[in-house]
Engineer: 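I'd like to ask you about the structure that follows.
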Number of protein chains: 4
Amino acid sequence: MNSFGRIFRINIFGESHGPEVGVTIDGCPPGILLSGEDFETDLMRRKSGAKGTTPRKESDIPMLINGVYQGRTTGAPLTILFENSDARSDDYSGFTDIPRPGHADFTATKKYSGFNDPRGGGHFSGRITIGLVAAGVIAKKIIAPVEVKAGLTEVGGEKEIEHAVRSAIDDKDSIGGIIECKVEQMPVGFGEPFFDSLESLISHMIFSIPAIRGIEFGAGFGSAGMRGSEHNDSFISADGRTETNNAGGINGGISNGNPLVFRVAVKPASSISKKQRTMNMATGEMVVLEIEGRHDACIALRVPVIVEAATAIVLADLLFLTSNQSRKNRNL
Amino acid sequence: MNSFGRIFRINIFGESHGPEVGVTIDGCPPGILLSGEDFETDLMRRKSGAKGTTPRKESDIPMLINGVYQGRTTGAPLTILFENSDARSDDYSGFTDIPRPGHADFTATKKYSGFNDPRGGGHFSGRITIGLVAAGVIAKKIIAPVEVKAGLTEVGGEKEIEHAVRSAIDDKDSIGGIIECKVEQMPVGFGEPFFDSLESLISHMIFSIPAIRGIEFGAGFGSAGMRGSEHNDSFISADGRTETNNAGGINGGISNGNPLVFRVAVKPASSISKKQRTMNMATGEMVVLEIEGRHDACIALRVPVIVEAATAIVLADLLFLTSNQSRKNRNL
Amino acid sequence: MNSFGRIFRINIFGESHGPEVGVTIDGCPPGILLSGEDFETDLMRRKSGAKGTTPRKESDIPMLINGVYQGRTTGAPLTILFENSDARSDDYSGFTDIPRPGHADFTATKKYSGFNDPRGGGHFSGRITIGLVAAGVIAKKIIAPVEVKAGLTEVGGEKEIEHAVRSAIDDKDSIGGIIECKVEQMPVGFGEPFFDSLESLISHMIFSIPAIRGIEFGAGFGSAGMRGSEHNDSFISADGRTETNNAGGINGGISNGNPLVFRVAVKPASSISKKQRTMNMATGEMVVLEIEGRHDACIALRVPVIVEAATAIVLADLLFLTSNQSRKNRNL
Amino acid sequence: MNSFGRIFRINIFGESHGPEVGVTIDGCPPGILLSGEDFETDLMRRKSGAKGTTPRKESDIPMLINGVYQGRTTGAPLTILFENSDARSDDYSGFTDIPRPGHADFTATKKYSGFNDPRGGGHFSGRITIGLVAAGVIAKKIIAPVEVKAGLTEVGGEKEIEHAVRSAIDDKDSIGGIIECKVEQMPVGFGEPFFDSLESLISHMIFSIPAIRGIEFGAGFGSAGMRGSEHNDSFISADGRTETNNAGGINGGISNGNPLVFRVAVKPASSISKKQRTMNMATGEMVVLEIEGRHDACIALRVPVIVEAATAIVLADLLFLTSNQSRKNRNL
């Protein structure tokens with residue numbers, strides 16, 4: 001399904017080379033001030049054009065076709081469309097027979113019996129994440145003053161990000177990276193034991209973003225090498241503040257009021273200009289593939305704002321579920 | 001919510017020191033041969049008693065109270081109960097005021113306004129994972145010949161597992177570990193782009209298991225330091241086999257027929273016999289806590305079978321969703 | 001699926017002749033005072049033994065095996081079991097080949113490939129509604145002071161209920177009835193336009209009760225013969241009170257603060273002692289069937305308390321969803 | 001939520017006087033031939049302009065902006081938009097203070113704290129049902145050869161439909177009606193006991209259509225006055241055919257292979273040109289309201305195609321859920 005959320009639910013749709021891509025938000029509360037300008041900063045952060053990212057040019061102007069009236073959300077479904085103006089379909093074609101390594105060409109062809117739109121990856125394109133970012137803008141308004149911030153901490157194993165990216169570009173190659181996300185002003189009580197643990201919901205959403213290969217909370221993989229006496233976070237204030245934050249702000253699946261902290265690993269983009277070997281599925285012969293066109297040398301550069309959006313969307317949904325929980329308790 | 005799955009849905013319930021814990025499976029197909037013996041091996045693997053795990057003794061005999069008739073599943077909801085015979089409530093109490101570091105005492109008290117059952121962690125107890133393991137036994141039957149295998153690869157940063165555990169026990173401390181899970185005979189086509197990506201569903205489920213701090217697929221966090229030319233997996237056969245498996249068997253959120261591979265980080269158990277500092281929330285004073293009772297020195301020893309169960313449950317649900325998908329295609 | 005609800009979700013399970021039937025409530029708020037006595041009145045109303053209902057004797061003592069601690073709900077899943085002590089399996093058997101008219105014997109056999117438990121209707125038995133009634137008891141506490149009342153208005157087309165029932169018993173036959181349900185103290189704002197309209201949710205739940213054949217809100221089927229000028233309810237107070245209540249308390253899918261009013265049609269019980277014709281599916285021959293055993297002459301007598309429970313469960317879920325909605329609005 | 005369905009899920013959005021209304025279908029199988037022409041017949045049946053329906057003129061040309069490639073569905077989300085070209089916003093306004101009897105003006109204002117779009121009923125408008133009809137066109141293709149047919153059987157209590165409508169128009173009034181829906185070629189096995197009974201799912205969906213006041217299956221409300229010996233349908237063939245069809249094709253919540261038959265009651269349209277009394281909520285005074293503009297004298301004329309669409313959507317979802325069920329059984 002292309003939807004996420006129980007109360008604040010987003011639905012994304014569109015293809016890389018269709019006329020429009022977009023998102024419908026269901027369960028958005030009424031009365032939120034909203035204009036096109038609200039989206040500018042985050043859309044710009046996600047946008048193509050920066051060094052190391054694809055030179056595809058899109059105006060990325062949000063069209064709010066329903067759910068907003070007189071500048072405020074109405075409580076009805078809210079749909080935002082974005083035009084695909086710079087789609088060059090001739091750049092991509094024929095990957096049904098000769099699947100690109102690392103891409104969804106092979107799996108999409110199999111799963112959809114060859115009926116999937118192959119142009120620019122179709123519905124599998126990173127272009128679709130624009131809907132996530134747009135929904136994230138609204139989610140951030142809802143959860144304020146809770147604040148989500150994500151940033152690149154390293155690229156290709158180096159902390160010198162610009163240098164690493166330039167080096168990959170020079171080699172006609174691509175490069176991965178690590179993003180750290182931190183949420184300040186987290187309330188206590190978001191998440192549940194087991195299936196709706198805060199880690200479960202956030203990881204579910206984060207792995208919706210193409211190119212993510214791993215996620216870890218707090219001390220993460222490092223915790224596997226720690227002793228309990230070292231890993232346990234001592235409580236040092238009555239509101240739940242802890243001396244260390246190895247738990248990443250979560251105990252028993254529930255936020256404990258400390259900053260929520262997690263890191264994600266972004267793989268290097270699959271599209272590279274370098275020659276690669278793959279198989280021609282129609283003939284069964286190995287072939288050498290050289291992919292023309294526009295490529296991101298480092299997609300990780302564009303992912304932090306998507307991680308922020310994804311996180312804010314999860315937290316907005318939890319805000320409503322949890323307000324509700326508190327309300328339930330109060331009713332008695 | 002304490003349920004997971006769209007077609008094959010499990011519901012877990014119970015508390016550490018209540019009379020019984022259990023699971024109800026909804027959407028289980030009819031006709032599966034099922035007896036109490038089928039559960040023995042996996043329940044034994046999860047069971048307490050091994051060196052480095054808590055000496056709590058439970059008989060762990062599954063009571064199939066509905067959904068089975070004449071030795072086969074009926075297609076109706078299937079409930080399995082387990083008695084809690086060895087619950088010693090005096091071991092645990094008073095953690096509402098003095099929350100144990102690393103435990104859910106603080107968050108549960110806040111979230112449920114102090115009405116949660118605190119005995120042995122109540123519904124937050126690892127005891128509840130017995131329902132997951134039981135459901136996993138059935139899920140494994142359903143997905144056969146797809147085979148899920150998980151095992152510990154290191155403990156406390158060492159590959160010498162037994163030695164590391166003994167050392168932690170001697171220090172009255174606990175220790176974490178890394179588990180690798182591999183699924184052989186994976187069909188092509190499980191999972192979807194974005195929100196229902198195979199990584200999303202598996203990570204959602206895996207983080208339902210208490211004590212998990214991270215998950216990575218294929219090359220995982222290592223991919224962040226790789227070049228695309230190095231990370232991309234070349235297709236070498238018409239059924240989708242790839243030369244390397246840095247993608248962990250997934251492209252575009254969908255299984256590509258190669259082994260599904262992921263690793264999870266398990267934190268050291270929060271309960272240790274060593275003295276720890278925490279706050280008395282009632283008085284606002286820092287106190288030194290010494291937790292008596294039975295503790296797991298290395299819970300990671302018991303987690304592989306739970307990871308297998310969790311994975312099999314996700315795959316069983318996807319099997320039905322995907323059979324369906326194929327069926328949809330065939331209908332046209 | 002055997003679950004209903006988005007926030008306050010119930011899961012029912014069990015078979016007529018299994019050891020126990022029950023319900024698990026997920027999303028129950030913590031802190032509700034709850035004891036076995038709370039269930040007595042409603043369980044008694046549903047119970048067998050009254051004139052015109054089956055003489056099957058069950059003690060119907062609720063066992064609260066989890067989710068309650070020190071007499072209050074904990075916020076964790078709450079499971080209630082009921083023993084099946086008076087199941088006589090020899091009364092029912094062999095209906096796989098010779099399906100009883102009006103029963104689920106034929107459809108269950110086909111759907112579950114013959115693996116369904118046929119004893120007493122198995123999971124299709126009206127016995128399973130005891131879980132609904134138990135969940136309804138809790139739901140009623142949650143929605144108070146909103147009050148749900150349902151009662152029989154006619155049986156077999158007659159207002160003289162006792163006489164109609166006696167007449168059916170004398171004829172070894174069964175008889176249907178009409179139930180009216182009225183909810184007083186309804187808040188404004190429950191329900192949504194379209195798919196989650198109050199009518200949609202209530203009808204979904206009501207048709208979960210076996211033997212229901214129709215539902216109508218307010219003027220119901222009568223409205224089809226009315227003019228708009230006659231049917232429209234004039235507002236006569238600022239809190240939304242209307243002069244008439246042809247809308248049954250709902251405008252645009254949302255409660256308007258007037259009493260919610262609906263009626264349901266209950267068919268005559270399918271099990272009758274009279275001889276009936278049906279087909280032997282194994283031989284293809286028409287046969288005459290005479291069903292021995294205990295039958296309800298008028299199941300409609302037992303349905304009002306189930307209708308109340310079903311309605312209260314829907315309203316409890318909406319209370320949380322709607323509190324939430326209000327909260328959302330207030331946040332801005 | 002504005003979505004319906006577990007596998008074949010539709011999401012509707014838009015407002016009466018916004019630029020566009022539409023629907024996104026998630027879970028649509030790939031490979032279905034689809035063009036704009038496929039929608040013509042059903043959109044025309046729903047369209048305004050017929051005698052007794054509002055003279056609002058809309059071109060109703062479906063824009064398939066994603067999910068279709070080279071004339072076939074792709075398996076990705078499929079969005080269909082319709083322009084609102086003939087929205088006259090001056091016709092409707094000021095109903096926030098003076099709610100129209102029978103409309104959602106009062107409830108929408110309360111629920112959404114006054115932020116809802118009031119123009120033409122906003123998201124509550126019958127205009128939004130165009131998305132249902134469009135999704136129904138695709139659903140009908142999916143379920144073929146299963147065939148859904150709905151038609152008006154009476155209007156305003158009369159069988160002389162044209163005469164009854166003309167009479168209502170002459171009186172500046174509106175009039176209700178009864179629609180019967182029949183599904184031929186129904187497979188055995190759609191639906192489940194209890195919450196996902198076929199009646200539950202269909203009634204849930206049918207009450208999503210504005211102006212529906214009641215639904216009854218098979219003998220419906222008439223069954224309440226029947227004896228069991230009269231109501232029970234005798235099986236007369238090995239494929240489940242019955243002599244009578246008082247059950248409307250459903251036993252135990254599951255289709256039995258006989259035609260699925262139900263009737264729905266449509267209330268008279270709330271908008272009438274006749275003077276009506278209502279309250280000015282701002283001043284607390286009773287006022288006389290005379291609603292100018294375009295009205296449907298008999299909305300029931302336009303509802304049969306919506307009932308067909310709604311039914312086909314439910315059956316398409318069940319087809320996938322049930323194929324799946326069969327597949328599950330076959331796997332063993």
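Lettering follows sequence order; numbering is per chain, from 1. On a predicted model such as this, the values are computed, not experimentally measured, just so you know.
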Engineer: Can you tell me how far CD of A:Gln70 sits from CZ of D:Arg119, rounded to the nearest 0.5 angstrom?
Structural biologist: 8.0 Å
Engineer: Identify the two heavy atoms, one from D:Thr24 and one from A:Phe13, that lie closest to each other, and give their separation to 0.1 Å.
Structural biologist: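 It is OG1-CD2, 3.8 Å.
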Engineer: Name the atoms and distances for all side-chain donor-acceptor pairs under 3.5 Å in residues 29-36 of chain A, with sequence neighbours left out.
Structural biologist:
from: A:Ser35; atom 1: OG; to: A:Glu37; atom 2: N; distance (Å): 3.4

Engineer: Please test D:Glu15 against A:Tyr69 for side chain to side chain contact (heavy atoms under 4.5 Å, CB included), starting from the C-alpha separation and ending with a verdict.
Structural biologist: CA-CA 10 Å; D:Glu15 291 98 26; A:Tyr69 177 63; over 6 Å; no
Engineer: Grab the two heavy atoms, one from A:His123 and one from D:Pro77, that are nearest each other, plus how far apart they are.
Structural biologist: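 That would be NE2-CD, 3.4 Å.
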Engineer: Taking every non-hydrogen pair under 4.5 Å, which of D:Thr79, D:Asn2, D:Asn116 racks up the most with chain A?
Structural biologist: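 Winner by heavy-atom pair count: D:Asn2.
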Engineer: Nearest heavy-atom pair of D:Glu20 and A:Asn66: which atoms, and what distance?
Structural biologist: O-OD1, 4.2 Å
Engineer: Give me the atom names and distance for the closest heavy-atom approach of A:Pro19 to D:Ile65.
Structural biologist: CD-O, 3.4 Å
Engineer: In Å, rounded to the nearest 0.5 Å, how long is the span from CG of A:Asn11 to CG of D:Asn11?
Structural biologist: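 If we round to the nearest 0.5 Å, A:Asn11:CG and D:Asn11:CG are 4.0 Å apart.
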Engineer: Check whether A:Leu78 gets within reach of chain D through its side chain, its backbone, both or neither, counting any heavy atom under 4.5 Å.
Structural biologist: neither
Engineer: Heavy atoms only: give me the nearest A:Arg9-D:Arg9 pair and the separation to one decimal.
Structural biologist: NH1-NH1, 4.4 Å
